[in-house]
Amino acid sequence: MAHKFEGVKNPIKVASQLLSRSRIQDKHGRVQPLLLVSSGAHNFAIEHSGPFQPNFVNEPTGSRIISPEEMVTQRAKDEWSYWKSKIEENPAMKHGEGTQRRPLEDTVGAVVLIRYHSVTGTLSDAEPNRLNICLAAGVSSGGILLKLPGRVGEAAIYGAGCWASQRVAVSVSGTGEQIIRAALARTLGEAVERCLTIEHEHVDEGEEKDIHTEIERVMRVNFCELCDRLGEGSPQAGAIILIQDGSDDPHGNSPLDKARLYCIYTTESMAIGHASWDPKNSKLATKEGCEGGYPPS
């Protein structure tokens with residue numbers, strides 16, 4: 001969902017509605033859209049704003065329509081006013097020049113593994129039949145301060161800001177244009193997929209690929225070095241990667257819902273949290289420096 005999408009409380013819920021619609025065959029044979037922009041996206045959000053319809057995990061799939069002013073915090077107003085006045089006072093001012101203050105621009109992303117049972121029979125006599133695992137990824141961006149009107153960031157581009165398959169889910173944050181150019185989420189996901197395929201096929205040791213090494217290689221070669229070649233000296237990106245670490249046993253005899261979580265970042269720090277069915281295993285932490293991520297250029 002992108003551009004002129006104002007007053008929608010939770011855009012990611014509308015994106016979920018659009019994804020669900022894309023899986024339904026149109027009776028007239030038209031191809032269902034995967035991306036809506038401008039007034040078309042806004043009208044779609046209004047049409048699907050309520051009442052909420054439950055999905056298979058019993059979560060609301062619609063989003064409330066509110067006044068656009070309700071979406072703007074006082075902190076955001078203050079930041080906008082400060083930097084706008086700075087640029088108007090000195091149009092030739094370079095980034096970081098004449099001030100120690102940094103603009104606050106945050107992106108929120110998530111990757112999730114969902115476990116559910118398919119059933120047979122009627123609702124009254126249904127019995128669990130098969131354990132299913134679903135991986136999903138999402139990302140929501142606050143955008144760039146004083147951005148050019150009409151600008152679309154990585155959050156709206158599938159394969160750049162997020163990507164998911166049956167075994168891997170990736171969510172990426174950072175400088176949108178750099179991330180889009182590298183199709184970073186999909187590039188990371190496919191690299192991990194190749195490692196998992198090699199693991200499952202039990203190839204010779206000489207052909208094995210370590211997942212940590214592959215993630216670092218993609219961030220270095222496909223992202224940082226690409227930015228360097230284009231003269232962008234400060235590549236900015238962070239990613240969380242969730243991997244299903246279990247075999248496809250339909251009877252649930254193996255730990256289908258076992259997962260591995262990886263992170264990598266080029267920035268000074270990155271905040272990461274994870275939760276599980278057991279609250280004791282839920283954690284929130286901020287990683288700083290180069291540990292756990294590719295060091296900045």
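Numbering of residues begins at 1 and proceeds along the displayed sequence.
Under a 4.0 Å N-O distance rule, the pair Glu232/Arg181 qualifies as a salt bridge. Ion pair Glu190/Arg186 flagged as a salt bridge, since at least one NZ, NE, NH1 or NH2 atom sits closer than 4.0 Å to an Asp/Glu carboxylate oxygen.
Gln166 contributes no side-chain N or O that, together with a main-chain N or O of Cys134, makes up a donor-acceptor pair within less than 3.5 Å. For the pair Thr267 (side chain) and Ser269 (backbone), a donor-acceptor distance under 3.5 Å is present. The backbone N or O of Cys162 sits nowhere less than 3.5 Å from a side-chain atom of Ser171 that would complete a donor-acceptor pair. Within the 3.5 Å criterion, the main-chain N or O of Gln178 finds no donor-acceptor partner in the side chain of Thr175. Between the side chain of Asp210 and the backbone N or O of His212 there is at least one donor-acceptor pair closer than 3.5 Å. Under the 3.5 Å distance criterion, the side-chain polar atoms of Gln244 are left unmatched by any main-chain donor or acceptor of Val168.
By the 4.5 Å side-chain criterion applied to Ile, Leu, Val, Met, Phe, Trp and Tyr, Ile66 is assigned to a cluster that also includes Met71. Side-chain contacts under 4.5 Å among hydrophobic residues (ILVMFWY), followed directly or transitively, place Leu230 together with Leu226.
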**Report entry** Stepwise side chain to side chain contact (heavy atoms under 4.5 Å, CB included) check, Tyr262 with Arg260
**Finding:** CA-CA 7 Å; Tyr262 296 83; Arg260 285 181 277 173; 3.3 Å; yes
Report task. Go through the steps to decide whether Asp78 and Gln74 satisfy the test side-chain hydrogen bond (donor to acceptor under 3.5 Å, both in side chains), and finish with yes or no. Result -> CA-CA 6 Å; Asp78 294 342; Gln74 188 59 49; 3.0 Å; yes
Report task. Would you please test Ile241 and Val111 for side chain to side chain contact (heavy atoms under 4.5 Å, CB included) and show each step? Result -> CA-CA 7 Å; Ile241 304 164; Val111 286; over 6 Å; no
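Taking the salt bridge (charged side-chain N to carboxylate O under 4.0 Å, His left out) definition, one finds that Glu70 meets it with nothing, sequence neighbours left out. For the salt bridge (charged side-chain N to carboxylate O under 4.0 Å, His left out) test, no residue two or more places apart in sequence or in another chain qualifies with Arg229. Qualifying salt bridge (charged side-chain N to carboxylate O under 4.0 Å, His left out) partners for Arg217, counting only residues two or more places apart in sequence or in other chains: Glu214. Residues passing the salt bridge (charged side-chain N to carboxylate O under 4.0 Å, His left out) test with Lys84 are Glu88, sequence neighbours excluded.
Atom CD of Gln25 has 12 or fewer neighbouring heavy atoms from other residues, nucleotides or ligands inside a 6.0 Å radius.
Both Leu184 and Ile211 are members of a single hydrophobic cluster when ILVMFWY side chains are connected at heavy-atom separations under 4.5 Å. Linking Ile, Leu, Val, Met, Phe, Trp and Tyr residues whenever their side-chain heavy atoms come within less than 4.5 Å places Leu261 and Tyr265 in a single cluster. Tracing side-chain contacts under 4.5 Å through hydrophobic residues (I, L, V, M, F, W, Y), one never reaches Val108 starting from Ile12; they form parts of separate clusters. Taking hydrophobic clusters as Ile, Leu, Val, Met, Phe, Trp and Tyr residues chained together by side-chain heavy-atom distances below 4.5 Å, Leu196 shares a cluster with Val170. Cluster membership for Val221 and Val218, using ILVMFWY side-chain heavy atoms within less than 4.5 angstrom, is not shared.
Residues Arg167 and Thr197 bring a donor and an acceptor atom of their side chains to less than 3.5 Å of each other. Inspection of the Ser81 and Glu79 side chains reveals no N or O donor paired with an N or O acceptor under 3.5 Å. Glu193 and Ser165 form a side-chain donor-acceptor contact under 3.5 Å, judged by distance and modelled atom types alone.
In this structure, the side chains of His48 and Val14 stay at 4.5 Å or more apart for every pair of heavy atoms. At a threshold of 4.5 Å between non-hydrogen side-chain atoms, the residues Leu18 and Leu36 count as touching. The side-chain heavy atoms of Val172 and Val139, taken from C-beta on, include no pair separated by under 4.5 Å. Under the 4.5 Å side-chain criterion, counting only non-hydrogen atoms from C-beta, Ile46 is not in contact with Val8. Residues Ile215 and Leu188 are in side-chain contact: their nearest non-hydrogen atoms beyond the backbone lie under 4.5 Å apart. Residues Leu135 and Leu242 meet the side-chain proximity criterion, which asks for heavy atoms closer than 4.5 Å. Using a 4.5 Å heavy-atom threshold, the side chains of Phe223 and Glu225 count as separate.
Taking each heavy atom of Ala169 and Ala137 in turn, the nearest pair found is CB-CB, 4.2 Å. Here the closest heavy-atom approach between residue Ile180 and residue Ala160 is recorded as CA-CB, 3.8 Å.
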